[in-house]
Amino acid sequence: MEIEFPNGKNLRLLIGDITKIRVDAMVNAANSALAGGGGVDGAIHRAGGSAIMRDLDVIRQQQGGCPTGSAVATTAGSLPAQYVFHAVGPIYRDGRQGEAENLASCYSTCLKLAEERGARSVSFPSISTGAYGYPMEEAARIALRTIGEQLREQDAGVREVLLVLYDQGSYDVHSRAAQALFADRIK
Ligand code: AR6
């Protein structure tokens with residue numbers, strides 16, 4: 001599914017493995033220790049190689065980790081990208097611990113990092129919807145709304161955002177949310 005924004009910018013939803021898709025900046029669903037883990041994080045470190053962890057070691061020494069809702073940038077190692085942005089999504093508890101704000105902040109922070117680094121294409125996984133337990137329908141609305149706001153606002157910079165969903169069920173949830181939010185923009 002493709003959603004068009006002014007000035008030729010677009011948001012694409014697709015099914016796949018994020019590590020296989022070429023972009024300028026690939027977003028990881030990391031943890032605040034920047035320690036690596038399972039899910040997308042495991043796949044990104046496996047496919048990108050040890051250069052990514054070496055960059056994270058330096059960041060850990062400098063700032064001790066990364067707070068929830070924020071992100072840090074590293075090399076992409078041997079991944080088909082220039083950068084990996086390691087975003088720390090919220091662990092979902094009851095929806096009253098600032099989860100929505102923190103999740104939105106992951107997306108907007110990564111798009112700002114992309115802007116700063118001149119990245120024109122950025123891919124995101126569905127942050128927090130695996131090990132961190134965020135209900136996917138709500139997470140999809142937040143992700144899409146935040147990406148849409150940023151694509152409408154930014155004059156230059158990021159041209160294309162890919163939301164890479166791992167399976168058909170995740171894709172269906174996100175495409176329903178996109179239809180509800182962007183009905184008039186879907187190509
Ligand atoms: N490509 C695209 N999406 C994927 C891939 C992939 N290769 N693999 C999984 N997903 P998760 P979280 C989907 O658990 O919930 C890690 O251990 C998956 O189906 O990767 O933010 C970290 O180190 C799900 O919808 O991230 C943290 O400790 C989504 O990606 C913690 O898990 C996110 O699932 C972060 O948990």
Side-chain angles (χ1 to χ4, degrees), residues 1 11-50 52-57 59-60 64-74 76-81 83-95 97-111 113 121-144 146-147 160-178:
M1 173 185 281
L11 165 60
R12 275 205 289 147
L13 270 54
L14 50 127
I15 303 177
D17 174 350
I18 197 167
T19 65
K20 306 264 193 260
I21 299 166
R22 179 167 296 279
V23 282
D24 295 334
M26 191 180 289
V27 175
N28 183 19
N31 51 65
S32 57
L34 303 173
V40 192
D41 203 3
I44 283 185
H45 281 280
R46 269 195 305 280
S50 53
I52 297 177
M53 195 49 95
R54 281 200 298 277
D55 276 6
L56 289 174
D57 288 341
I59 292 168
R60 266 200 303 273
C66 179
T68 302
S70 192
V72 298
T74 68
S78 40
L79 288 164
Y83 306 104
V84 174
F85 299 152
H86 303 263
V88 182
I91 299 170
Y92 191 87
R93 302 196 196 285
D94 57 6
Q97 316 297 323
E99 291 96 331
E101 292 78 7
N102 280 326
L103 186 62
S105 172
C106 285
Y107 288 93
S108 55
T109 303
C110 288
L111 290 170
L113 287 175
S121 56
V122 184
S123 61
F124 286 95
S126 176
I127 298 169
S128 283
T129 63
Y132 281 0
Y134 211 116
M136 194 177 274
E137 283 187 19
E138 198 187 327
R141 278 196 296 272
I142 292 167
L144 291 161
T146 309
I147 294 167
E160 180 166 64
V161 176
L162 305 180
L163 196 46
V164 184
L165 292 324
Y166 206 38
D167 52 37
Q168 185 71 49
S170 307
Y171 179 85
D172 292 345
V173 169
H174 285 76
S175 72
R176 275 197 297 275

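Each ligand, and each atom within it, is numbered from 1 in the order the structure gives.
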Exercise. What protein heavy atom sits nearest atom 14 (O) of ligand 1, and how far away is it?
Worked result: A131 N, 2.8 Å
Problem set entry | Under-4.0 Å protein heavy-atom contact, atom 18 (C) of ligand 1 | no
Exercise. Has G133 got any heavy atom lying under 4.0 angstrom from an atom of ligand 1?
Worked result: no
For this session: For G36, counting its heavy atoms only, list the atoms of ligand 1 lying under 4.0 Å from any of them.
Result: 23 (O)
For this session: Would you mind listing which atoms of ligand 1 come within a distance below 4.0 Å of any non-hydrogen atom of D41?
Result: 22 (C), 23 (O)
Exercise. Looking only at non-hydrogen atoms, which of P125, G130, A35 approaches atom 15 (O) of ligand 1 most closely?
Worked result: G130
Exercise. Atom 1 (N) of ligand 1: which of V88, I127, I91, I18 has the nearest heavy atom?
Worked result: I18
Problem set entry | atom 10 (N) of ligand 1 [closest protein heavy-atom partner, distance rounded to 0.1 Å] | V40 CG2, 3.5 Å
Exercise. With a cut-off of 4.0 Å, which atoms of ligand 1 are near a heavy atom of N31?
Worked result: 22 (C), 23 (O), 27 (C), 28 (O)
Seminar exercise, completed: A student checking ligand 1 against G16 at a 4.0 Å heavy-atom cut-off should list atoms 1 (N), 2 (C)
Problem set entry | Sidechain N-carboxylate O distance under 4.0 Å for D57, R54 | no
For this session: Could you list the atoms of ligand 1 found under 4.0 angstrom from a heavy atom of D17?
Result: 1 (N), 6 (C), 7 (N)
Exercise. Does E137 use its side chain to pair, donor to acceptor, with the backbone of V173 at less than 3.5 Å?
Worked result: no
Exercise. Short list, please: which atoms of ligand 1 are under 4.0 Å from a heavy atom of G37?
Worked result: 17 (O), 23 (O)
Exercise. Which is closest to atom 16 (C) of ligand 1 in terms of heavy atoms, G38, P90, G39?
Worked result: G38
Exercise. Considering only heavy atoms of S126, which atoms of ligand 1 have at least one such atom less than 4.0 Å away?
Worked result: 29 (C), 33 (C)
Exercise. For L162, does its backbone N or O pair with a side-chain atom of S123 as donor and acceptor, under 3.5 Å?
Worked result: no
For this session: Consider ligand 1: state whether an atom of it lies below 4.0 angstrom from any non-hydrogen atom of G42.
Result: no
Exercise. Can you tell me which residue and heavy atom of the protein come closest to atom 24 (C) of ligand 1, and the distance to 0.1 Å?
Worked result: T129 OG1, 3.4 Å
Problem set entry | Proximal ligand 1 atoms for A29, defined as those under 4.0 Å from one of its heavy atoms | 21 (O), 22 (C), 26 (O), 35 (C)
Exercise. Of F124, Y166, Y132, Y134, which has the heavy atom at the shortest distance from atom 3 (N) of ligand 1?
Worked result: Y166
Exercise. Is the backbone of C66 close enough, under 3.5 Å, to the side chain of S70 for a donor and an acceptor to pair up by distance?
Worked result: no
